[in-house]
There are 2 protein chains.
Amino acid sequence: MVTLDFLSNDYKEKKTTAQLVEEKIEIDIISGRLAPGKRINERDLCEKYGLSRTPIREILRRIEGNGLVRSIPNRGVFAVGLSPQAVDDLYYLKSILEVQCVRWAIERIEEHQMEMLTETFDFMQFYTLSNDLGKILRINDGFDAIIYDAAHNRELEARLRRYSFLLKYASSDISYPLNYLPTVLEEHRAIYEAFVAGDAQAGAEAAEIHLYKTMLRRK
Amino acid sequence: MVTLDFLSNDYKEKKTTAQLVEEKIEIDIISGRLAPGKRINERDLCEKYGLSRTPIREILRRIEGNGLVRSIPNRGVFAVGLSPQAVDDLYYLKSILEVQCVRWAIERIEEHQMEMLTETFDFMQFYTLSNDLGKILRINDGFDAIIYDAAHNRELEARLRRYSFLLKYASSDISYPLNYLPTVLEEHRAIYEAFVAGDAQAGAEAAEIHLYKTMLRRK
DNA sequence: AGTGTTAAAATTGTATACAATTTAAACTGG
DNA sequence: CCAGTTTAAATTGTATACAATTTTAACACT
């Protein structure tokens, strides 16, 4: 038995207030509440979050490093935002990376990671019947997280996490409506069985199919 | 005739002092002069670059967003740096992305971009005979830049640019010693001809071969 | 009324001051 | 001499003040 802490209902990463504000601003940008191309006023953010300009500016710099705002010297920072085209770009890029990720993960997965994957897939099967959507989404994320980790490429993992975050708030529609759950489970099963068989090529193909079908459901 | 401004000898992007300092600090981290895991003292950086803590901290936040430092609240920022493993990770990831990039670029390249590519490849042939290494490296970068652009995926382009930058300063050895130049030219020719033929699959394979051979030369 | 110029207001960039926290040093008792 | 505690120094986090620049508004002139 391994620990799968992401399964617990009150699982939350601990964050500082600065990180919290950062995430809020990012989500405002991604979701379009801060319109793309619009100048972001520092004073407004200060008032909104009860901080002075210094920490707000530092947060904006970090967001700039993450690419969601662009700063022009002496003129301010501007929301970059995600156009429909940019969202598609992200989606296709993430797909490419995930296929490669599965390939590498099957080649490199460690024993304890394989145990976690098995256990997670068992949970997935069980909860698919339960219709507890929140839990299922969390399990699916956990399934992905294990695969991201098992690929043993920290940068790849970082990108996939980032793109998951961006797409989560960029696309308004739910990825997995309840009636699709059994289908999604079967797609995951194909991936999981490739892990069991140690067949990287089969895994990559199964991942490609899963992502393609997810894209169709997304539209 | 199209403008290929990256060919000129004094081609430099205009940067503010803050961006310049940022790049210097990043290069210090990548090249290992700021040891991975070591705490970075703000005051030292202030003295070194003649700035007060406020702009230095903003620069560090942007670098944090870019992933080269990690910040722990109340304890400081720590250089993340690139271990040999991390460099390999980046290299493999970049290769995957470049292959995909070539594939998309061949499918989506626009007429004026194709003109630029042709012109750049002609220059490449010409200067390979000249042994002007500086110019050749710039032309090769330009060749890549056109392909990055032609793929029409801004995030993909951003990642490839970033990884090129990181690997440029992370690997101590020169990628293209003079005696390899004719070989490299032929590898580029295969890619270029796939563009001419509009054969995405052939382009992807040619890119894969090129990257594989580059890797061998790198070791 | 429209255009170009000048002055005022607003906004960003930087430096400094102080509070909060951590790290290093000094000290005490065994 | 060493472990644990207390105190001092150093470092980070935040707020504020002022300089530099840009944006907006007012104004004069044709």
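Letters A, B, ... are given to chains in the order of the sequence lines, protein chains preceding strands, and every chain is numbered from 1.
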Practice task
Could you say whether B:T54 or B:R39 is positioned toward the 5' end of DNA chain C, judged by the nucleotide with the nearest heavy atom to each?
Solution key: B:T54

Fill in the blank from the handout: In B:E64, B:E42, B:E22, the residue satisfying salt bridge (Lys or Arg N to Asp or Glu O under 4.0 Å) with B:R57 is B:E42

Exercise for the section: Return the nearest nucleotide to the side chain of A:R75; candidates are C:dA15, C:dT11, D:dT23. Expected result: D:dT23

Practice task
Can you tell me the distance, in whole Å, between the CG atom of B:L51 and the C1' atom of D:dA20?
Solution key: 15 Å

Handout entry: Atom pair distance, as rounded to whole Å: CD in B:E42 and P in C:dT14
Key = 15 Å

Handout entry: Heavy-atom side-chain contact between B:S71 and B:R61 under 4.5 Å
Key = yes

Practice task
Look at the aromatic rings of A:H210 and A:H188 and report parallel, tilted or perpendicular, splitting at 30° and 60°.
Solution key: tilted

Completion exercise
Checking C:dT11, D:dT14, C:dA15 against the side chain of B:R57 (C-beta onward), the nearest is D:dT14

Practice task
Starting from C1' on D:dT11, measure out to CG on B:L60 and report it in whole angstrom.
Solution key: 14 Å

Practice task
For A:R43 and D:dT23, give me the distance from atom CZ to atom P, rounded to whole Å.
Solution key: 16 Å

Practice task
Can you tell me the distance, in whole Å, between the CD1 atom of A:I56 and the C1' atom of D:dT16?
Solution key: 16 Å

Handout entry: Proximity to the side chain of B:S52 - top-ranked nucleotide from C:dT11, C:dA15, D:dT14
Key = C:dA15

Completion exercise
A:I72 atom CD1 is separated from D:dT22 atom P, nearest whole Å, by 12 Å

Problem - side chain to side chain donor-acceptor pair (under 3.5 Å) between A:Q85 and B:H152, intermediate numbers included - result: CA-CA 10 Å; A:Q85 178 63 49; B:H152 288 86; over 6 Å; no

Handout entry: Base D:dG13 to side chain B:R53, donor-acceptor N/O within 3.5 Å cut-off
Key = yes

Completion exercise
A:N74 atom CG is separated from D:dT23 atom C1', nearest whole Å, by 12 Å

Problem - B:E47 CD - C:dA15 P separation (whole Å) - result: 14 Å

Practice task
Have a look at A:I40 and say if it touches a base, only the backbone sugar-phosphate, or nothing, with a 4.0 Å heavy-atom cut-off.
Solution key: sugar-phosphate

Handout entry: Ring geometry between B:F165 and B:Y169 (parallel below 30°, tilted from 30 to 60°, perpendicular above 60°)
Key = perpendicular

